[in-house]
Amino acid sequence: MPNVFIRTEPSHWFWGTLTLLAVTRLIAVTLYSPTGFPDRLGYLDYSDIILSGTQWLHTLEQSHLPTTSFRAMGYPIILTGMRIITGGAFDTAIQVLQCGATLLSCALLFKALRALLHSDQGACIAVLGFGLSVNLAYELSILPDAFSIAAWIAIVATGLIHWMLRRRLSLWVAFGLGLLGLYIVMARGNGLHLLLLALPILWLACLHTGASHSKRLGLFILPLLPGLIAYQLVSSWNEYRTGERFFTTGGQIALVQPVFAMERLGAMPFSGTDDLSQLYRQRAPERLYEQIYEVNKALYTEFSMSPNQIAQANIALYLRTVRTHPGSFILMFFDNFDDKFAMGLVNPAFGLHEAHRLATGARIFPGFSSIVKGKQPNGLGNYLFAGLYIFGMVPSILLFTAAILLTPFRVIGRIRHIGLDRETLAILTLWTVCLAVLAYYCALFMELCYVIMTSPFLIAIGYWSLSRRSRIHGTVGTTT
């Protein structure tokens, strides 16, 4: 008989997991100053502009890469608030807030995955895999990603909780999800895309029994509404300042990197006689990241193009390259996947060591491959690190492979035997959302900070696919 009773009270697994993550962050904040990612300077500059007066509200800086159009304003507003409240200690206060946001999202995540997997141990593995990962470096940094990652996880986890536990999504919860979505949209230029990719999970949360279609639709739209309104307001504000309607001009840089990648794989995006192609051949002969800025500067000074026009030109260049060189795009798509993501799913040796490297610019131990190939002096510490790395890497690859490749077969098998029950639909939806996020960034360029929020869900999916639950005929009920 289907088991519709899912234990929801906190367990020692729950408290033990959160305690370990909290202690880790307490130690990290004590030992590490805010990390030195180059991007932090852009967000601090935006905060300086906000504190300098109100001129930025009315006019755009005269620059080929103006800070208040290139960066989204969500994180700089938070930085500015913390600088006003805490003064010189704002950077530590930001670290504490970001670590706190991660812990709150992990609490929701544990409850969601326990309901999905019917296992405290499975939820613990997934939450610790994420909580002891490279994400710790982003929590210690002056970057918008830690808040954005925590918000996205909280939205997906809340949707799973309401679906699996058959809870009605209240107006206040939907509004709270909307505030989280608002930050995601305002954190980066592509934030709206990430929020939209979570739509299937939000829709599940609205499919509770007994609600009318209009109420379901209203509760579905509410979490999206603040972000959509903010997107339009910022676009209108930029139109007021510049005469051109846009959200950010991040495409000035972001969309050129995949074009360079496709060229290395056989495409010829700059072979034409148009001004843009000629300029890239002249100012970016080695196709280096830094040379993109020189091209942008030339377009601004020599061709009198606005930052938005430059961004639109680069977006058109990317789309044209994809369309005319599909083979190079496919090669780039798969080449963009960072295998460190798969190897680090439940690998604290990699995650914490990488977090230390990003936070300090130095390694405690040599790279894993250097140790294995014997390129570094022998030492007990090096061998211990390599052993722990392998101990985490093997199950990480196994879980990732199961999540990506085995899950469709498990889902099809359950549907053939028992139909599309509640648990199977949750797994299938979550699998689709995670793959959509990975595919989105493989089509552009992948950084771990962009996709790490999918890692606990992929761990859970892989755990489910390898467990007996994916093969049994008993479920938690139907989709109705």
Side-chain angles (χ1 to χ4, degrees), residues 38-39 41-43 45-46 49 56 59-76 144 184-196 227-228 230-263 267 269-270 272 274-284 287-324 329 332 440-441 443-447 450:
D39 281 2
L41 300 177
Y43 295 102
D45 287 345
Y46 203 139
I49 291 171
W56 67 282
T59 58
L60 185 65
E61 313 96 272
Q62 295 300 307
S63 168
H64 66 284
L65 204 70
T67 298
T68 60
S69 70
F70 183 70
R71 303 288 181 189
M73 68 164 60
Y75 194 65
I184 292 173
V185 170
M186 296 294 288
R188 285 193 180 272
N190 67 336
L192 180 60
H193 301 166
L194 294 182
L195 180 60
L196 293 177
L228 292 173
Y231 189 92
Q232 294 302 321
L233 288 176
V234 171
S235 299
S236 297
W237 169 59
N238 281 320
E239 186 175 19
Y240 159 72
R241 294 194 303 165
T242 67
E244 299 174 275
R245 189 174 184 83
F246 61 89
F247 184 67
T248 70
T249 58
Q252 287 184 259
I253 303 296
L255 271 296
V256 182
Q257 293 171 263
V259 175
F260 284 180
M262 283 185 278
E263 185 182 37
F270 308 115
D274 58 286
D275 292 336
L276 187 63
S277 296
Q278 293 185 59
L279 199 56
Y280 271 107
R281 292 199 300 268
Q282 296 166 6
R283 302 298 175 89
R287 309 295 192 259
L288 300 177
Y289 175 80
E290 296 78 9
Q291 293 174 337
I292 302 175
Y293 292 88
E294 294 301 317
V295 173
N296 274 268
K297 186 175 182 179
L299 291 170
Y300 179 76
T301 57
E302 299 174 23
F303 292 86
S304 300
M305 292 177 66
S306 70
N308 180 54
Q309 290 172 336
I310 296 171
Q312 295 305 315
N314 286 332
I315 291 171
L317 172 66
Y318 167 79
L319 294 175
R320 183 174 69 247
T321 306
V322 172
R323 185 177 65 253
T324 56
F329 170 75
M332 180 202 70
Y440 175 84
Y441 281 110
L444 299 171
F445 58 93
M446 181 184 289
E447 299 284 351
Y450 298 156

For this session: Could you grab the distance from atom OG of S235 to atom CD of E244, nearest 0.5 Å is fine?
Result: 12.5 Å
Seminar exercise, completed: ring pair (Phe, Tyr, Trp, His ring centres under 6.0 Å) filter on F70, not counting sequence neighbours, yields none
Exercise. Can you name the ring pair (Phe, Tyr, Trp, His ring centres under 6.0 Å) partners of F246, sequence neighbours left out?
Worked result: none
For this session: Calculate, to the nearest 0.5 Å, the distance between atoms CE and CG belonging to M186 and L195 respectively.
Result: 13.0 Å
Exercise. Do the side chains of L65 and I310 get nearer than 4.5 Å, heavy atoms only?
Worked result: no
Problem set entry | Contact check, side chains of M332 and F445, non-hydrogen atoms, under 4.5 Å | no
Exercise. Does a side-chain heavy-atom distance below 4.5 Å link V322 with M262?
Worked result: yes
Problem set entry | Residue pair G272 / R281: nearest heavy atoms and the distance that separates them | O-NH1, 2.8 Å
For this session: First locate atom CD of Q309, then atom CG of L299, and finally report the distance between them rounded to the nearest 0.5 Å.
Result: 10.0 Å
Exercise. Taking atom CG of L319 and atom OG1 of T324, what is their separation to the nearest 0.5 Å?
Worked result: 10.5 Å
For this session: Return the minimal non-hydrogen interatomic distance between I315 and G251, and the atom names on each side.
Result: CG1-CA, 4.5 Å
Exercise. Can a donor-acceptor pair be found between the side chains of S69 and R241 at a distance below 3.5 Å?
Worked result: no
Exercise. Would you say the side chain of Q62 lies within less than 4.5 Å of the side chain of Y300, judging by non-hydrogen atoms?
Worked result: yes
Seminar exercise, completed: Those residues at least two apart in sequence (or on a different chain) that pass ring pair (Phe, Tyr, Trp, His ring centres under 6.0 Å) with F247 are Y231
Exercise. Taking the six-membered ring for Trp, are F260 and Y280 parallel (under 30°), tilted (30 to 60°) or perpendicular (over 60°)?
Worked result: perpendicular
For this session: Would you list the pairs meeting salt bridge (Lys or Arg N to Asp or Glu O under 4.0 Å) in which at least one residue belongs to residues 293-308, sequence neighbours left out?
Result: R283-E302
For this session: Please name all residues satisfying side chain to side chain donor-acceptor pair (under 3.5 Å) with Q278, sequence neighbours left out, ordered by chain then number.
Result: none
Seminar exercise, completed: Rounding to 0.5 Å, atoms OH (Y440) and CG (L196) come to a distance of 9.5 Å
Exercise. If we only count heavy atoms from C-beta on, is the E61 to I49 side-chain gap below 4.5 Å?
Worked result: yes
Problem set entry | Test item: I292 and Q257 side chains (from C-beta on) under 4.5 Å apart, heavy atoms | yes
Exercise. Sequence neighbours excluded, which residues qualify as ring pair (Phe, Tyr, Trp, His ring centres under 6.0 Å) partners of F303?
Worked result: none
Problem set entry | Between CG on residue L276 and CZ on residue R320, distance to nearest 0.5 Å | 7.0 Å
Exercise. Shortest non-hydrogen contact from T321 to P269?
Worked result: OG1-CB, 3.4 Å
Exercise. Does a side-chain heavy-atom distance below 4.5 Å link N296 with N314?
Worked result: yes
Exercise. Do L255 and L317 touch side chain to side chain, with heavy atoms closer than 4.5 Å?
Worked result: no
